[in-house]
Engineer: 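Before I ask anything, here is the structure I am working with.
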Amino acid sequence: AERQARAAREASEARYRALVELSPQVVWFGDATGAITYCNPTWYAYTGQTEAEALGDGWADAIDPAHRARVLATYRAAAAEAAAGGPGHYEVEIPFRRAQDGRHYWFLARGRPERAPAAPDGTPGPVTHWIGIALEIDARKAAELAREELLAAVFDQLPAAVWVADASGRLLRTSRATHDVYGGAPYLDGVGAYHAYEAYWPAGHPRAGQRLTSEEWTLARTLATGAAITGERLEIVRFDTGERRQALNSTAPVRDAEGR
């Protein structure tokens with residue numbers, strides 16, 4: 001029975017190894033620290049690396065140098081998290097150099113740790129090894145870039161001053177018209193810095209003539225409440241000339257698929 005179980009296990013491992021060897025995706029294994037111990041033939045055919053060149057951290061030589069530090073930081077952070085008992089799963093987009101033409105193509109890489117059985121008290125077992133895959137997504141990335149370039153071109157043609165901010169209030173982008181309306185458009189790190197834009201409450205407002213605080217800006221209030229604001233009149237001050245202008249401010253949140 002033991003001989004049969006061993007034979008069955010060896011047959012299963014042989015089938016698994018055959019699947020890995022034949023996979024059109026890059027498949028890799030790592031030791032408990034995350035150092036690469038195996039890459040399937042797809043990796044070597046794509047990058048032109050030898051096994052001696054790829055193992056350990058050598059595989060990183062195939063990453064576009066402009067992205068190498070970012071990718072390695074993500075990889076090492078996941079390994080550290082896993083070693084401390086955390087999940088350690090990671091997903092990262094990586095441009096790898098193709099040996100055939102020397103160009104870098106985008107891949108989506110995913111990895112996770114495998115562990116020994118958990119302790120009786122539920123404490124996760126130690127990491128024994130890592131497994132991961134990488135799938136080429138260059139066509140998707142090219143389509144995303146083309147779409148972003150189109151949106152940027154449309155954005156810059158808008159006749160109104162437009163800001164885009166992340167959930168913390170950090171300004172990510174302004175339209176070209178923002179510079180025309182405000183005489184400049186500094187990018188700010190969060191709501192607390194909005195006072196760099198000078199504006200006053202107009203006549204008829206209970207606080208007419210008083211300057212807006214950072215938190216009173218229309219965008220800041222939408223970020224705080226999640227509610228859209230439409231057509232709020234303010235008296236803004238240009239950065240370059242100090243000229244005051246009347247402006248209608250409207251803001252609205254953009255939510256993800258889960259409504260956040």
Side-chain angles (χ1 to χ4, degrees), residues 5-6 8-10 12-99 104-138 140-141 166-168 170 189-190 256-258 260:
R6 183 170 61 251
R9 185 170 59 252
E10 290 174 350
S12 176
E13 291 174 352
R15 287 194 297 271
Y16 177 71
R17 177 56 66 98
L19 286 173
V20 169
E21 296 281 327
L22 292 172
S23 172
Q25 300 177 0
V26 172
V27 181
W28 56 266
F29 302 142
D31 64 17
T33 69
I36 299 301
T37 57
Y38 167 85
C39 293
N40 71 338
T42 301
W43 172 261
Y44 297 113
Y46 192 90
T47 65
Q49 285 189 318
T50 66
E51 183 176 20
E53 290 170 335
L55 301 187
D57 280 344
W59 62 276
D61 290 340
I63 301 173
D64 182 338
H67 295 268
R68 191 173 296 152
R70 171 184 62 83
V71 173
L72 286 174
T74 299
Y75 187 65
R76 289 165 180 162
E81 180 183 75
H89 298 184
Y90 74 87
E91 180 176 292
V92 62
E93 294 182 351
I94 311 174
F96 284 125
R97 182 184 64 252
R98 188 170 71 174
H104 291 89
Y105 294 82
W106 285 94
F107 280 72
L108 177 65
R110 294 184 176 127
R112 74 177 192 191
E114 295 293 304
R115 298 181 179 277
D121 64 358
T123 301
V127 174
T128 57
H129 61 282
W130 284 77
I131 59 174
I133 62 170
L135 174 67
E136 186 177 331
I137 58 168
D138 200 72
R140 190 190 84 185
K141 288 290 288 187
D166 64 17
S168 73
R170 183 167 61 96
D189 288 334
D256 61 18
E258 298 179 356
R260 294 182 293 189

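Residue numbers start at 1 and run along the sequence shown.
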Engineer: Under a 4.5 Å cut-off applied to non-hydrogen side-chain atoms, are H129 and P113 in contact?
Structural biologist: no

Engineer: Write down the atom of D31, the atom of T37, and the distance for their closest heavy-atom approach.
Structural biologist: N-CG2, 3.7 Å

Engineer: In chain order, what residues pass the ring-ring contact (aromatic ring centres under 6.0 Å, His included) check against H67, with sequence neighbours excluded?
Structural biologist: W106

Engineer: With a 6.0 Å cut-off (strictly less than), is the heavy-atom count around CG of D189, excluding the residue itself, greater than 12?
Structural biologist: no

Engineer: My understanding is that only residues two or more places apart in sequence, or in another chain, count here; which of them pass side-chain hydrogen bond (donor to acceptor under 3.5 Å, both in side chains) with R97?
Structural biologist: none

Engineer: Name all pairs fulfilling the salt bridge (charged side-chain N to carboxylate O under 4.0 Å, His left out) condition that reach into residues 85-95, sequence neighbours left out, sorted by first residue then second.
Structural biologist: E91-R110, E93-R140, E93-K141

Engineer: Please examine the side chains of P65 and H104, heavy atoms only from C-beta on, and report whether any two atoms are closer than 4.5 Å.
Structural biologist: yes

Engineer: When you check the side-chain N and O atoms of W43 and Q49, is any donor under 3.5 Å from an acceptor?
Structural biologist: yes

Engineer: Short question: side chain of R98, backbone of Y105 - any donor-acceptor pair under 3.5 Å?
Structural biologist: no

Engineer: Once rounded to the nearest 0.5 Å, what's the spacing between atom CD1 of I131 and atom OH of Y38?
Structural biologist: 13.0 Å

Engineer: Which salt bridge (charged side-chain N to carboxylate O under 4.0 Å, His left out) pairs, counting each pair once, include a residue from residues 112-129, with sequence neighbours left out?
Structural biologist: R112-E114

Engineer: Closest approach of A134 and F96, non-hydrogen atoms and distance?
Structural biologist: CB-CE1, 4.5 Å

Engineer: Where is the tightest heavy-atom contact between R68 and A60, given as atom of each residue plus distance?
Structural biologist: NE-O, 2.9 Å

Engineer: Any idea which heavy atoms bring Y44 and C39 closest together, and the distance?
Structural biologist: CE1-O, 3.1 Å

Engineer: Rounded to the nearest 0.5 Å, how far apart are CZ of F29 and CG of N40?
Structural biologist: 8.5 Å

Engineer: Can you measure from CZ (F107) to CG (D138) and round to the nearest 0.5 angstrom?
Structural biologist: 8.5 Å

Engineer: So which heavy atom on A79 is nearest to which on T33, and how close?
Structural biologist: CB-O, 3.7 Å

Engineer: Listed by chain and number, what are the ring-ring contact (aromatic ring centres under 6.0 Å, His included) partners of Y90, not counting sequence neighbours?
Structural biologist: Y75

Engineer: What pairs meet the salt bridge (charged side-chain N to carboxylate O under 4.0 Å, His left out) rule with one or both residues in residues 33-60, with sequence neighbours excluded?
Structural biologist: D57-R76

Engineer: Taking all non-hydrogen atoms of both residues into account, name the closest pair between G85 and P124 and its distance.
Structural biologist: O-CG, 3.8 Å

Engineer: Using modelled atom types and a 3.5 Å cut-off, is there a donor and acceptor pairing between side-chain atoms of T42 and backbone atoms of S23?
Structural biologist: yes

